[in-house]
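Scroll down for the structure; my scribbles are underneath it.
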Amino acid sequence: MQLSPLEIIRRESLQKLRELGINPYPAEEFKTTAHINDILSNFDKYEGKEVVLAGRMMSRRIMGKASFAELKDASGRMQIYISRDEISSEEDPTMYNTVFKKLLDMGDIIGIRGDVFRTKVGEVSVNVKELTVLSKSLRPLPVVKTDADGKIHDAFADAEQRYRRRYVDLIVNDHVKETFIKRTKITNAMRNFFNERGYLEVETPILQPIPGGAAARPFMTHHNALDMPLYLRIANELYLKRLIVGGFDAVYEFAKDFRNEGMDRTHNPEFTVMELYVAYKDYNWMMNMTEELLEKVCTETNGTTEVLIGENKVSFKAPYARVPILEAIKIHTGFDVAGMKEDALRDVCKKVGIEVDETMGIGKMIDELFGEKCEHHYIQPTFITDYPKEMSPLTKEHRTNPDLTERFELMVNGKELANAYSELNDPIDQRERFEDQLKLSEKGDDEAMFIDQDFIRALEYGMPPTSGIGIGIDRLVMFMTNNASIQEVLFFPQMKPEKKAPSVELNDDEKALLKLIETKSPIALNDLKTESGLSNKKWDKCLKHLTKNNLAKVNNTDDGLFVEKV
RNA sequence: GACCUGGUAGCUCAGUUGGUAGAGCACCUCCCUUUUAAGGAGGUGGUCCUGGGUUCGAGCCCCAGCCCGGUCACCA
């Protein structure tokens with residue numbers, strides 16, 4: 001392994017700590033008595049009191065026999081003051097002069113015991129009396145500094161590095177941690193909301209023999225013992241509805257779903273959806289619940305019902321506008337497509353500049369029309385309702401119009417945040433809808449749904465009228481934290497594999513040159529160059545590559561330069 | 001997948017018709033007991049993304065590729 005000079009120094013320090021009898025990775029519990037944020041916000045309570053803290057040393061200012069350092073624990077950062085004669089003595093200054101000043105580095109995890117005080121310039125600090133090494137850091141951290149004006153210098157900002165090394169991102173970029181704390185607040189708020197109503201949180205299979213409940217391309221895997229294909233779920237809908245058949249009044253699940261589709265700043269191959277199903281309700285009830293839920297989530301995480309999303313100020317205060325999808329299309333394209341046949345609809349699509357092909361059915365085209373021409377207009381939370389039947393195979397037919405379904409999507413900031421319906425519970429209708437999907441699939445739509453026979457069997461036993469909803473959690477977190485990229489709200493977004501570390505692989509020219517060196521060693525450099533027959537540049541590169549990897553050596557002697565094998 | 005932009009020290013970035021690879025921070029050595037992004041002095045550190053090509057000479061020009069980002073396409 002190739003170590004940088006900075007890493008070599010740290011490894012040497014590690015060794016010296018051991019030689020001084022200090023275990024750089026001690027096993028014992030380190031009992032702390034306070035958290036940094038608590039000290040900072042309750043200084044009066046802590047002033048003059050002794051505290052024990054543990055955390056990572058984020059900066060160090062050494063000034064002779066005294067130093068200041070910044071300690072960061074899970075709650076925040078504060079300054080600590082370390083003087084030679086407190087943690088060691090004039091007679092034996094090892095702990096200060098050697099351990100603290102020489103062998104410790106930024107990024108090391110330490111424990112301190114000392115008194116809380118305020119410095120002359122007013123900074124709350126801890127006067128350290130005892131210092132314990134808890135974990136030596138062998139890699140240097142990026143040094144991010146914030147000046148008096150709050151301006152950040154040398155930010156660790158490269159998105160790729162930040163996502164690949166999220167642990168570093170979390171250490172040095174405090175605002176990143178805030179995003180993820182908020183994410184958990186959001187899901188906790190939702191759980192509390194549901195649990196207070198007696199809804200049951202459940203878990204259903206991720207590995208599914210039939211990937212149902214959504215139109216998407218699945219990931220496929222294989223079970224060896226059963227020798228059968230299995231799919232990673234694209235949705236959990238059909239399983240949750242089986243549980244409603246089984247007699248639960250309301251079940252919900254925070255589900256990781258997996259879709260084998262494109263990746264961009266709003267799509268990750270795995271993502272989180274909260275799905276909820278409530279018996280004896282319809283989609284009107286669900287709209288009311290959704291408004292109430294999101295208003296509460298927003299208030300609990302941001303302290304207000306208004307959030308800034310990019311340029312837009314968005315209010316999650318209930319109620320939200322409700323617009324039928326065909327109405328939306330009429331408003332934004334001027335075409336009334338209600339009741340249109342497939343051919344007529346295809347003409348409309350062409351007129352407004354949407355590319356269509358023969359595999360696209362009515363549902364797909366309406367979806368395109370809305371997605372292309374309408375979706376981005378809905379900045380404030382808006383329920384788009386009553387989708388055509390063809391694009392909603394799991395949804396109950398609309399009570400007043402058999403061409404439509406009782407379905408809504410919630411649009412926020414021009415994006416879909418939630419999808420819900422009065423669930424189809426007529427097993428015969430459901431079978432027909434699945435068969436229609438099969439026809440689409442035969443037409444070439446590779447996202448059309450499979451027929452789930454067991455799900456139909458479940459419906460045949462009878463499912464109460466039920467309303468269900470799926471809320472995209474990653475998207476919700478993006479909205480609530482004002483992040484434009486899904487990668488910012490996932491701890492570990494999917495990334496292409498890292499480039500392999502360069503291995504010592506020789507190309508043909510280098511192999512030939514090495515062979516020449518091995519047979520003629522030692523040989524005058526200029527003779528070797530002539531014999532190799534390589535161009536100037538190639539010669540230089542090849543020889544440097546060999547010497548760098550310690551396969552050949554150039555000796556500078558009184559008689560000139562000679563190349564030797566190693 | 002297409003196009004655009006970029007890839008230089010651990011981090012943030014300069015780099016002149018193509019002529020000895022730079023700065024700040026970090027790191028190392030020395031001096032300094034309550035400092036405020038950065039105290040002072042000196043020093044170490046580089047496959048300039050990779051591979052070809054042009055050239056006496058390439059971080060820079062040409063070709064091919066890789067990777068990040070962006071726009072579009074794909075994607076309820």
Side-chain angles (χ1 to χ4, degrees), chain A residues 2-10 12-13 59-70 79-86 96 102 105-107 117-123 125 127 139-164 168 172 214-217 234-235 259-269 325 355 363-364 366-368 370-371 375 384 387 391-393 407 409 411 415-416 418-419 446-447 449 470 472 484-485 487 495-502 507 509 535-538 540-541 544-545 548-549:
Chain A
Q2 199 74 26
L3 293 176
S4 72
L6 273 58
E7 290 173 293
I8 292 166
I9 288 163
R10 288 186 179 219
E12 286 167 1
S13 298
S59 72
R60 210 165 42 149
R61 297 182 290 279
I62 295 173
M63 16 224 351
K65 297 190 202 64
S67 301
F68 292 92
E70 193 183 23
Q79 175 170 278
I80 57 176
Y81 171 78
I82 299 177
S83 69
R84 186 191 68 185
D85 298 338
E86 289 282 356
Y96 182 74
K102 296 232 160 69
D105 293 286
M106 274 171 53
F117 75 111
R118 204 191 279 275
T119 63
K120 281 178 191 165
V121 285
E123 175 111 4
S125 309
N127 187 355
R139 275 180 195 265
L141 286 171
V143 184
V144 182
K145 294 190 207 78
T146 309
D147 67 20
D149 304 328
K151 209 173 139 212
I152 292 172
H153 299 260
D154 295 342
F156 177 60
D158 182 85
E160 184 191 358
Q161 290 304 318
R162 287 181 45 235
Y163 302 151
R164 288 195 193 282
V168 176
V172 303
R217 290 210 294 269
I234 54 175
R259 296 187 184 177
N260 205 342
E261 292 169 348
M263 278 168 66
D264 58 33
R265 68 181 201 287
T266 56
H267 295 84
N268 195 64
I325 188 170
E355 279 187 41
K364 194 99 180 168
I366 298 234
D367 189 42
E368 287 288 318
F370 181 76
E375 198 173 65
I384 302 297
Y387 283 64
M391 57 194 290
S392 311
R407 171 179 179 183
E409 289 192 0
M411 312 303 301
K415 297 268 161 49
E416 177 194 344
N419 182 15
D446 55 4
E447 287 177 357
M449 293 183 191
S485 161
Q487 295 169 309
M495 304 286 283
K496 288 186 187 176
E498 272 187 272
K499 257 193 293 184
K500 273 187 297 186
N507 64 32
D509 289 331
S535 72
N536 283 343
K537 183 169 184 169
K538 234 174 201 176
D540 192 58
K541 283 230 166 181
K544 276 180 180 160
H545 192 243
K548 180 165 283 175
N549 289 302

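Here is how names work: the chains are called A, B, and so on, in the same order as the sequence lines, proteins then strands, and each is numbered from 1. This one's a predicted model, so the numbers in the text were calculated from it and none came from an experiment.
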Exercise for the section: Figure out the CZ/P separation between A:R61 and B:rC25, and round it to whole Å. Expected result: 15 Å
Fill in the blank from the handout: Regarding the side chain of A:R164, the nearest nucleotide among B:rU34, B:rG24, B:rC68 is B:rC68
Completion exercise
Of A:P142 and A:A66, the one whose nearest nucleotide on RNA chain B sits closer to the 5' end is A:P142
Practice task
Establish, with yes or no, whether the OP1 or OP2 oxygen of B:rU71 is under 4.0 angstrom from a side-chain nitrogen or oxygen of A:R265.
Solution key: yes
Problem - B:rC30 and B:rG70, which share atom name C1', separated by this distance in whole Å - result: 49 Å
Fill in the blank from the handout: Of the candidates B:rC11, B:rU36, B:rU34, the side chain of A:F156 sits closest to B:rC11
Completion exercise
In terms of heavy-atom contacts, A:M263 and A:P269 come closest through CG-CD, 3.6 Å
Problem - Closest listed nucleotide, where the reference is the side chain of A:K120 and the choices are B:rU34, B:rA38, B:rG24 - result: B:rU34
Exercise for the section: Taking the side chain as every heavy atom from C-beta outward, state whether A:Y96 and A:E86 have any atom pair closer than 4.5 Å. Expected result: no
Handout entry: Counterpart base for B:rU55, defined by Watson-Crick or G-U wobble contacts under 3.5 Å
Key = none
Exercise for the section: Return the value, rounded to whole Å, for the distance between atom CE of A:M263 and atom P of B:rC72. Expected result: 18 Å
Exercise for the section: Could you work out the separation of B:rC13 and B:rG7 based on their P atoms and round it to a whole Å? Expected result: 11 Å
Problem - Stepwise side chain to side chain donor-acceptor pair (under 3.5 Å) test for A:N127 and A:S125 - result: CA-CA 7 Å; A:N127 187 355; A:S125 309; over 6 Å; no
Completion exercise
One should read off an interatomic distance between A:E375 CD and A:M411 CE, to the nearest 0.5 angstrom, of 3.5 Å
Practice task
Write down the distance between CD (A:E123) and P (B:rU36), rounded to a whole number of angstrom.
Solution key: 11 Å
Fill in the blank from the handout: When rounded to whole Å, the OH to C1' distance for the pair A:Y163 and B:rG69 reads 10 Å
Handout entry: Nearest listed nucleotide, side chain of A:P393, among B:rG70, B:rA76, B:rG24
Key = B:rA76
Exercise for the section: Write down the distance separating the P atoms in B:rG15 and B:rC49, rounded off to the nearest Å. Expected result: 14 Å
Handout entry: Residue A:K102, side-chain heavy atoms: nucleotide from B:rC68, B:rC30, B:rA76 that is nearest
Key = B:rC30
Problem - Derivation and outcome, side-chain contact (heavy atoms from CB on, under 4.5 Å), residues A:Y81 and A:T119 - result: CA-CA 9 Å; A:Y81 171 78; A:T119 63; 5.8 Å; no
Practice task
Considering only atom P, compute the distance from B:rU36 to B:rG40 and round it to an integer number of Å.
Solution key: 12 Å
Problem - Upstream residue (5' side of RNA chain B) when A:K65 and A:K145 are each assigned their closest nucleotide - result: A:K145
Practice task
Round to the nearest Å and state the distance from A:N260 atom CG to B:rC75 atom P.
Solution key: 14 Å
Handout entry: Close side-chain approach of A:K145 to A:S59, heavy-atom, < 4.5 Å
Key = no
Exercise for the section: Could you please name the option among B:rU36, B:rG69, B:rA76 that lies closest to any side-chain atom of A:A159? Expected result: B:rG69
Completion exercise
Ranking B:rA38, B:rU33, B:rC27 by distance to the side chain of A:M106, first place goes to B:rC27
Practice task
Assign A:V121 to base, sugar-phosphate, or nothing according to its heavy-atom contacts below 4.0 angstrom with the strands shown.
Solution key: base
Exercise for the section: Give the nucleotide from the list B:rU34, B:rG69, B:rA76 with an atom nearest to the side chain of A:E416. Expected result: B:rA76
Practice task
Quote, to the nearest angstrom, the C1' distance that separates B:rG45 from B:rC27.
Solution key: 8 Å
Problem - A:Q487 side chain, from C-beta outward: closest of B:rG69, B:rU12, B:rA76 - result: B:rG69
Handout entry: Pair of N/O donor and acceptor under 3.5 Å linking B:rG69 base with A:D158 side chain
Key = no
Practice task
Name the nucleic acid region contacted by A:S83, choosing base, sugar-phosphate or nothing; use a 4.0 angstrom heavy-atom cut-off, strictly under.
Solution key: nothing
Completion exercise
To the nearest angstrom, the CG-C1' distance between A:D264 and B:rC68 comes to 15 Å
Handout entry: Complementary nucleotide of B:rC74, counting Watson-Crick and G-U pairs under 3.5 Å
Key = none
Completion exercise
When both distances are under 3.5 Å in a Watson-Crick or G-U wobble arrangement, the nucleotide paired with B:rU5 is none
Handout entry: B:rC13 pairs with, by Watson-Crick or G-U criteria that keep both distances under 3.5 Å
Key = B:rG22
Exercise for the section: Compare all side-chain heavy atoms of A:S83 with those of A:K65 and state whether any distance is below 4.5 angstrom. Expected result: no
Problem - Pairwise P distance for B:rU33 and B:rU47, with rounding to whole Å - result: 39 Å
Exercise for the section: Return the value, rounded to whole Å, for the distance between atom CD1 of A:I8 and atom C1' of B:rG10. Expected result: 13 Å
Practice task
Tell which nucleotide pairs with B:rC28, taking only Watson-Crick or G-U wobble pairs whose two distances are both under 3.5 angstrom.
Solution key: B:rG42
Practice task
Name the nucleic acid region contacted by A:R162, choosing base, sugar-phosphate or nothing; use a 4.0 angstrom heavy-atom cut-off, strictly under.
Solution key: nothing
Problem - Atom C1', compared across B:rU55 and B:rU17: separation rounded to whole Å - result: 14 Å
Exercise for the section: Measure up the A:Y387 and A:F370 rings against each other and bin them: parallel (under 30°), tilted (30 to 60°), perpendicular (over 60°). Expected result: perpendicular
Exercise for the section: Provide the distance between the two P atoms, one in B:rG39 and one in B:rC60, to the nearest whole Å. Expected result: 37 Å
Completion exercise
From the candidates B:rU36, B:rC75, B:rU34, the one with an atom nearest any side-chain atom of A:F117 is B:rU34
Problem - Rounded distance in Å - CD1 (A:I62) to P (B:rG40) - result: 15 Å
